[in-house]
*Asks:* 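Below you'll find the structure I mean.
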Amino acid sequence: GSASALPTADPKTCRILRVNTMLCTLTGYAREELCSMSVWDLPHPEELAASKREFDRLIGGEIEYYTSEKRYVCKDRTTRWVSVTASLLRDGQGQPLRVLAVIHDLSPRKLAEEALERKDAELQYHLHLTETIASRAAEALYLIDANGLLTYMNPAAEAMFGWTFDELKGKRLHNVI
């Protein structure tokens, strides 16, 4: 089977006409169920208006195709992130004949992005906490990178050395002190 879902739809009625196995796998619906549905039965309700605007622009000839990321509501009511690229096949007179779509499952990528955002937020929190503790410490604390350049200095270190961090940032401490 194809790694992409490749449905076709009627541009006038918006009925799904043909689907491949991938769309069945992606949505949890059987081929017969999908072919009795409208293209508006799949997008998440919050994204329906934007989907209809894109579709209308496509049918109206304003655009040749569109690509968008959206959530589809599956048969089991879970949502999956998908990338939909839709274009229009016209007849000899230029009238809309079929809507063709290529749909990719973005859920694995979206889950990875969300996990990365959570880890980043956690890291930012710990970094802020560490900076707060270091800035309030009575002892002089400073960090030097692998090249011997100053990357951090708390207020106690500024008082001890007689320089501000801004004056020494990126400099070799042993060259200055």
*Asks:* Within a strict 4.5 Å, meaning less than it, do heavy atoms of the Leu150 and Lys169 side chains meet?
*Replies:* no

*Asks:* If you measure from CG on Leu111 to CD on Glu113, what distance do you get to the nearest 0.5 Å?
*Replies:* 9.5 Å

*Asks:* Hydrophobic clusters here meaning ILVMFWY residues chained together by side-chain heavy-atom distances under 4.5 Å, can you tell me if Trp163 and Phe165 are in one?
*Replies:* yes

*Asks:* Linking Ile, Leu, Val, Met, Phe, Trp and Tyr by side-chain heavy atoms under 4.5 Å, what else ends up with Trp81?
*Replies:* Leu106

*Asks:* If you group Ile, Leu, Val, Met, Phe, Trp and Tyr whenever their side-chain heavy atoms sit less than 4.5 Å apart, what else falls in with Leu141?
*Replies:* none

*Asks:* Other members of the hydrophobic cluster containing Leu143, with the 4.5 Å side-chain heavy-atom rule, please.
*Replies:* Tyr152

*Asks:* Quick check: does any side chain N or O of Asn147 sit under 3.5 Å from a backbone N or O of Leu149, one acting as donor and the other as acceptor?
*Replies:* no

*Asks:* For the backbone of Thr164 and the side chain of Glu167, can you confirm whether one donor and one acceptor N or O come within less than 3.5 Å of each other?
*Replies:* yes

*Asks:* Within the structure provided, determine whether Leu100 and Leu88 are in side-chain contact (heavy-atom separation under 4.5 Å).
*Replies:* no

*Asks:* Which heavy atom in Met22 sits nearest to a heavy atom in Ala5, and how many Å separate them?
*Replies:* CG-N, 3.7 Å

*Asks:* How many angstroms lie between CG in Asp105 and OH in Tyr72, if you round to the nearest 0.5 Å?
*Replies:* 11.5 Å

*Asks:* With the side chain counted from C-beta on, respond yes when Thr151 and Ile144 share a heavy-atom pair under 4.5 Å apart, and no when they do not.
*Replies:* no

*Asks:* Do Ser68 and Glu54 touch side chain to side chain, with heavy atoms closer than 4.5 Å?
*Replies:* yes

*Asks:* So Phe55 and Cys14, do their side chains get closer than 4.5 Å, heavy atoms only?
*Replies:* yes

*Asks:* When rounded to the nearest 0.5 angstrom, what is the spacing between CE in Met153 and CE in Met160?
*Replies:* 9.0 Å

*Asks:* Within the distance-only criterion (no hydrogens, no angle test), does the side chain of Asn154 pair as donor or acceptor with the backbone N or O of Ala140 below 3.5 angstrom?
*Replies:* no

*Asks:* Enter the distance from Tyr29:OH to Ile16:CD1 here, rounded to the nearest 0.5 Å.
*Replies:* 9.5 Å

*Asks:* Under a 3.5 Å distance rule, please check whether Arg31 uses its side chain to pair with a backbone N or O of Cys24 as donor and acceptor.
*Replies:* no

*Asks:* Answer yes if Val82 and Met37 sit in the same cluster of Ile, Leu, Val, Met, Phe, Trp and Tyr residues linked by side chain heavy atoms under 4.5 Å apart, and no otherwise.
*Replies:* yes

*Asks:* According to a hydrophobic-cluster definition based on side-chain heavy atoms being under 4.5 Å apart (Ile, Leu, Val, Met, Phe, Trp, Tyr only), do Val99 and Leu6 belong together?
*Replies:* no

*Asks:* Taking Arg57 for its side chain and Tyr66 for its backbone only, find out whether a donor-acceptor pair lies under 3.5 Å.
*Replies:* no

*Asks:* I'd like to know if the side chain of Asp10 and the backbone of Arg15 have a donor-acceptor N/O pair within less than 3.5 Å.
*Replies:* no

*Asks:* Nearest 0.5 Å, please: how far is NZ in Lys110 from OG1 in Thr79?
*Replies:* 11.5 Å

*Asks:* Please output the side-chain donor-acceptor pairs of residues 40-51 that fall under 3.5 Å, not counting sequence neighbours, one pair per line with the distance.
*Replies:*
residue: Asp41; atom: OD2; partner: Ser38; partner atom: N; Å: 2.8
residue: His44; atom: ND1; partner: Glu46; partner atom: N; Å: 3.1
residue: Glu46; atom: OE1; partner: Arg71; partner atom: NH2; Å: 3.0
residue: Glu47; atom: OE1; partner: Arg71; partner atom: N; Å: 2.6
residue: Glu47; atom: OE2; partner: Arg71; partner atom: NE; Å: 2.8
residue: Glu47; atom: OE2; partner: Arg71; partner atom: NH2; Å: 2.9
residue: Ser51; atom: OG; partner: Glu47; partner atom: O; Å: 3.0
residue: Ser51; atom: OG; partner: Lys70; partner atom: NZ; Å: 2.9

*Asks:* If we only count heavy atoms from C-beta on, is the Ile103 to Leu23 side-chain gap below 4.5 Å?
*Replies:* yes

*Asks:* Minimum heavy-atom separation for Ala156 and Ala138, please, with both atom names.
*Replies:* CB-O, 3.3 Å

*Asks:* Would you please name every residue forming a side-chain contact (heavy atoms from CB on, under 4.5 Å) with Thr67, sequence neighbours left out?
*Replies:* Tyr65, Ser83, Thr85

*Asks:* How far apart are the closest heavy atoms of Gly61 and Arg90, and which atoms are they?
*Replies:* CA-NH2, 3.6 Å

*Asks:* Could you tell me whether the side chain of Thr132 and the main chain of His128 form a donor-acceptor pair under 3.5 Å?
*Replies:* yes

*Asks:* Mind checking the CG-OG1 spacing from Leu17 to Thr8? Nearest 0.5 Å is all I need.
*Replies:* 5.0 Å

*Asks:* Got a salt bridge between Glu69 and Arg109, using NZ or NE/NH1/NH2 to carboxylate O under 4.0 Å?
*Replies:* yes

*Asks:* Tell me, please, which residues at least two apart from Asp56 pass side-chain contact (heavy atoms from CB on, under 4.5 Å).
*Replies:* none

